[in-house]
Each structure stands twice: as structure tokens, then as C-alpha cells.
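A short worksheet on the structure shown next.
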Amino acid sequence: MEYLKILAFTHKQIDLKSLGKLVICDETLDDRMKNIQKELDVKEIFYIGTCNRVEFVFTTGKELDREFILRFLTVLNMGLPEEYMDKFIENVSVYEQVEAFNHLLRTSCSLESLVVGEKEILAQVRRAYEACRHSGFTADYMRMIMNRVVKTAKEVYTHTNISKNPVSVVSLAYRKLRDLTITANSRLLIIGAGETNKNLAQYLKKHKYSNFSIFNRTVENAESLAKDLNGIAYPLSELENFNKGFDVIITCTGATEPIITEELYRKLLNGDTGKKVIVDLAIPNDVAPSVIKNFPVHYIEVESLKEIARKNIQERYDELINAEQIIDQNIKEFDLDLRQRKIEIAMSEVPQKIKAIKSKALDIVFAEEINTLDENSRLVLERVMDYMEKKYISVPMVMAKEILVNNS
């Protein structure tokens with residue numbers, strides 16, 4: 001791993017708005033990577049760009065000092081003003097050799113994410129690698145690196161609890177709903193068309209819920225969400241006139257006072273006495289306390305979900321030590337893989353050389369003697385030579401690997 005290097009610009013040192021200036025669009029990625037390889041003597045490279053990190057994983061014999069990093073950003077040609085250039089140089093995280101491999105494994109296993117244990121980062125790293133592999137910016141070494149990255153991440157996610165418990169309020173709210181066995185044809189009344197309700201609605205849509213009525217102050221936003229959910233949009237002012245009934249209310253607005261008062265809730269029930277579900281993700285709550293007190297409801301509210309999220313986050317952090325042990329073991333195993341691969345590459349010419357020796361023996365050195373043999377004898381000789389050829393190729397390879405394993 002002598003030549004493995006990483007330049008990492010992440011949320012830990014750089015604000016997300018500034019980080020966005022380093023994000024490379026797909027259309028210019030190939031040209032920028034070609035320039036880096038050409039100008040900086042970089043052999044293999046791939047680029048990772050997510051919402052909270054920009055990283056370059058590459059191989060080079062050059063030292064990653066300030067001068068190299070300045071040249072790297074200059075050749076990258078992102079049009080950065082001088083103050084941003086200085087900011088990125090001062091706040092870049094530099095990883096080399098085993099430390100670089102460890103960082104890549106930790107990143108792919110989500111140990112370095114804003115939310116520890118989120119699996120999406122592995123998919124993002126794989127897509128980033130595949131894009132650069134497809135364009136010819138990576139070769140055999142990065143192939144081995146990524147194979148080990150994927151193996152390690154799968155082991156971490158399988159053998160630890162680092163991703164088992166959800167930590168986002170939206171995913172927790174959906175799980176609470178799911179536990180209440182809400183049927184797919186339930187009537188869902190969504191109040192507010194902001195990001196939180198959009199995200200929760202995507203969970204519901206994914207799991208085949210389809211009966212949506214969306215209310216929002218800005219009706220255009222309600223219509224946009226309704227189109228995505230194949231639901232019906234209404235202005236918020238029409239909520240008090242809604243008489244089509246409901247089974248679930250999902251509400252999250254920016255109101256400073258409760259939107260769902262006791263009077264409004266009674267109108268929405270329209271004589272229905274059944275127990276309903278209310279998911280209130282607003283702060284302060286959109287539902288008046290008297291509604292919870294005086295009507296039969298399953299009430300899911302944001303503060304209780306946040307407490308569960310805090311508990312789950314702590315449990316994930318408690319799993320870090322187990323994940324790190326898996327990573328350490330894979331680093332040790334990969335070191336052996338690398339040495340074996342070096343032997344394979346070093347001995348890759350052996351088969352051709354042995355074939356050439358055999359051909360010379362049959363066609364030149366012993367040609368006269370062989371010509372005196374009958375057909376059956378020649379066939380036996382050729383079979384013996386083929387057998388010896390295979391053994392001369394395989395035996396040294398096996399012995400070299402055994403020596404490597406025994407000495408590791």
C-alpha cells in the first residue's frame with residue numbers, strides 16, 4: 001500500500017456550502033481526471049462526491065505536501081477564488097499508505113458519516129469507483145482495493161449492530177406506523193408539504209400506500225407532492241371543510257400555534273368514533289393537547305421519536321469498537337493478498353517461457369530423435385511434455401504462496 005493516497009475534504013473541517021464548490025459534475029469528470037493523471041504522475045484515481053464529502057483516492061509516488069495539494073487543486077481547475085483555495089488547502093485531510101486504506105474502509109463502513117451506520121455511503125463509493133473504472137482511470141490495484149472495501153463493509157453491516165436501529169425521525173415515524181399495521185388502502189391526510197412530510201410520504205409510497213389528501217398553505221407545493229403520490233391537493237384553508245374521512249393524519253408545518261384544534265378535529269371526524277393515528281412531526285406540535293386527551297388516538301410525536309433516535313445513535317457508537325476490529329482484520333488480510341498478487345504478476349511470464357522451452361525442445365533440440373519415433377510414441381511423449389509443462393507452471397506458484405503464508 002506504499003503508493004495509496006487520499007485527499008479528503010469533509011463536513012468535519014469544511015462547511016457544506018463551501019464543500020459544494022469542489023463537487024465535479026459528470027460531464028467534466030473525465031477531463032479533470034485525465035489532467036490529474038497527466039500532470040501529477042498519478043497512476044490510478046477515482047473521485048467520491050457526496051452531500052458531505054469530496055475525496056480523491058489515487059496512487060502516486062509523490063509526497064502529499066502543501067505544494068502537491070496546491071498543484072492538485074490547480075490542475076483540477078474548479079475555478080476556485082484564492083480565499084477558497086487557501087481554505088481547502090488548510091483544511092484538507094491527507095491519508096497515505098495503510099492510513100489511507102483504513103480511512104477508505106472506515107468511510108465505506110459509515111464510521112466517518114454524519115450519521116454513523118447509514119449504508120448509502122457504500123453504494124456511493126461503489127458508484128464513484130465504477131464511474132472512474134469504466135472510463136479507464138483505475139486498474140488492477142484499485143480493483144483489489146474495492147473488492148476488499150466491499151467485503152469489509154458487508155461484514156461490518158452483517159456482524160455488528162451499527163446500522164440495525166434507525167436514527168432519523170422520519171424512518172422511526174414510519175416504523176411506528178408500520179407497527180400499528182395500517183393497511184395499504186388507509187386514508188392518509190397529510191398537512192404540510194415540506195421536506196419532512198415529503199420524506200415520510202416516500203416511505204409510504206414505496207410500501208404501496210396510495211390514498212393521499214395533501215393540504216398546504218402554498219397550494220403549488222401541495223400539488224407537487226400530490227402529483228408524486230397520485231393524491232389530491234388542497235389549500236390549507238380547506239382543511240376545516242374536508243369531509244371525506246381519514247385513518248391517519250401526518251402533520252408537520254411551521255405554525256407557532258396548534259393547527260389541529262379540538263373543534264377542527266371533531267369536524268374532520270365527521271361523526272366517526274373509531275381510533276385514529278396522528279403523526280405530529282412539527283415543533284411546536286401541530287396538534288392541540290386537548291385532542292390527545294379527549295379523543296381515542298395513537299399519537300406519534302417528534303420529541304418521543306427524537307429520544308429513541310438519540311438512544312439508537314448511542315447504540316451505534318457503542319458498536320464502533322466491533323466494526324473497527326473487523327476493519328483491522330481485513331487490513332491484515334489484504335496485506336497478504338497484495339503480496340500474493342505481486343507474486344502472481346512477477347510470475348505471469350513463467351507459462352510463456354516454459355511453453356517456449358518445450359517448443360524449442362520438440363522442434364529444434366530433439367527434433368531429429370523425435371522424427372524417428374512412431375506415431376504412438378510421439379503422442380505419449382507429447383502427453384508427458386504437456387503434463388510436465390502444467391506442473392512446472394503450477395508448482396512454483398503454489399510453493400511461493402506457501403512460503404508467503406508461512407512467513408506472514
Side-chain angles (χ1 to χ4, degrees), residues 166 168-306:
S168 77
V169 166
V170 169
S171 60
L172 286 165
Y174 171 72
R175 290 197 175 205
K176 287 276 190 180
L177 274 175
R178 186 188 63 187
D179 292 343
L180 292 173
T181 62
I182 306 300
T183 59
N185 62 352
S186 296
R187 298 163 296 175
L188 292 105
L189 199 160
I190 297 179
I191 304 171
E195 199 65 29
T196 299
N197 276 357
K198 284 180 182 178
N199 291 338
L200 182 51
Q202 289 305 313
Y203 276 97
L204 296 166
K205 177 184 176 183
K206 180 180 177 181
H207 291 86
K208 311 304 180 185
Y209 292 89
S210 58
N211 192 344
F212 296 97
S213 298
I214 299 96
F215 292 81
N216 195 61
R217 281 195 173 87
T218 305
V219 72
E220 289 83 3
N221 292 343
E223 289 171 346
S224 175
L225 182 55
K227 182 179 179 181
D228 187 40
L229 299 174
N230 196 25
I232 302 173
Y234 302 89
L236 187 59
S237 57
E238 285 298 306
L239 184 59
E240 62 180 355
N241 300 320
F242 186 76
N243 59 7
K244 296 181 180 179
F246 70 94
D247 300 295
V248 180
I249 291 177
I250 297 171
T251 182
C252 184
T253 73
T256 56
E257 298 292 333
I259 286 178
I260 304 175
T261 61
E262 188 172 347
E263 179 184 359
L264 175 60
Y265 190 72
R266 187 174 284 107
K267 285 183 180 180
L268 291 172
L269 286 173
N270 198 23
D272 191 340
T273 58
K275 191 171 188 177
K276 306 299 182 180
V277 177
I278 300 177
V279 181
D280 187 352
L281 301 182
I283 300 176
N285 291 339
D286 281 340
V287 180
S290 58
V291 173
I292 314 305
K293 179 180 178 182
N294 297 326
F295 296 91
V297 296
H298 290 289
Y299 185 55
I300 302 168
E301 51 89 26
V302 71
E303 281 304 324
S304 63
L305 295 176
K306 281 188 171 181

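- A distance of 14.0 Å separates NZ of Lys267 from CD1 of Ile260, quoted to the nearest 0.5 Å.
- Side-chain atoms of Ile249 and Val297, non-hydrogen and from C-beta on, never get closer than 4.5 Å to each other.
- Using cut-offs of 30° and 60° on the angle between ring planes, the pair Tyr174 and Tyr203 is parallel.
- The ring-ring contact (aromatic ring centres under 6.0 Å, His included) check on Tyr234 picks up Phe215, Phe242, with sequence neighbours excluded.
- In this view, Leu180 and Ile182, Val277, His298, Ile300 satisfy the side-chain contact (heavy atoms from CB on, under 4.5 Å) rule, not counting sequence neighbours.
- Taking the ring axis of Phe246 as reference, the NZ or CZ atom of Lys276 stays within 45° of it and closer than 6.0 Å to the ring centre.
- Side-chain contact between Leu268 and Leu239 is present, with at least one heavy-atom pair separated by less than 4.5 Å.
- Classification of Lys227 and Glu223 as a salt-bridged pair fails, no side-chain N sitting under 4.0 Å from a carboxylate O.
- Separation of atoms CG (Asp247) and CG (Asn185) is listed at 8.0 Å; rounding is to 0.5 Å.
- Side chain of Asn216 to backbone of Ala193: a donor-acceptor contact under 3.5 angstrom is found.
- Here the shortest heavy-atom pairing between Ile259 and Leu264 reads O-CD2, 3.2 Å.
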(message) Between Leu305 and Lys176, does the side-chain contact (heavy atoms from CB on, under 4.5 Å) criterion hold? Intermediate values first, please.
(response) CA-CA 9 Å; Leu305 295 176; Lys176 287 276 190 180; 4.0 Å; yes
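- Checking each of Asn211, Ile190, Leu177, Ile278 against Val248 for a side chain to side chain contact (heavy atoms under 4.5 Å, CB included) leaves exactly one that passes, namely Leu177.
- Exactly one of Leu225, Leu204, Ile250, Asn230 qualifies for a side chain to side chain contact (heavy atoms under 4.5 Å, CB included) with Phe212. That residue is Leu204.
- The CG atom of Asp280 lies 8.0 Å from the SG atom of Cys252; values are rounded to the nearest 0.5 Å.
- Side chains of Thr251 and Asp286: a donor on one and an acceptor on the other come within 3.5 Å.
- Across Ala173 and Val279, no two heavy atoms sit closer than the pair CB-CG1, 4.1 Å.
- Defined by atom type and a distance below 3.5 Å, a donor-acceptor pair is missing between the side-chain atoms of Glu303 and Asn285.
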(request) For the pair Asn294 and Tyr265, evaluate side-chain contact (heavy atoms from CB on, under 4.5 Å) and give the outcome as yes or no after the intermediate values. (result) CA-CA 11 Å; Asn294 297 326; Tyr265 190 72; over 6 Å; no
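- For Pro258 against Ala288, the heavy-atom pair with the smallest separation is CB-N, 3.7 Å.
- Separation of atoms CG (Leu229) and CD (Gln202) is listed at 6.5 Å; rounding is to 0.5 Å.
- Distance check: Leu236 CG to Ile214 CD1 gives 13.0 Å after rounding to the nearest 0.5 Å.
- Atom CD of Glu263 has 12 or fewer heavy atoms from other residues, nucleotides or ligands within 6.0 Å.
- Side-chain atoms of Lys244 do not come within 3.5 Å of backbone N or O of Arg187 as any donor-acceptor pair.
- Taking OG from Ser237 and CZ from Arg217, the interatomic distance works out to 10.0 Å, rounded to the nearest 0.5 Å.
- Contacts of Asn199 classified as side-chain hydrogen bond (donor to acceptor under 3.5 Å, both in side chains), with partners at least two apart in sequence or in another chain: none.
- Residues Leu281 and Thr196 approach most closely at CD1-CG2, 3.6 Å, considering heavy atoms.
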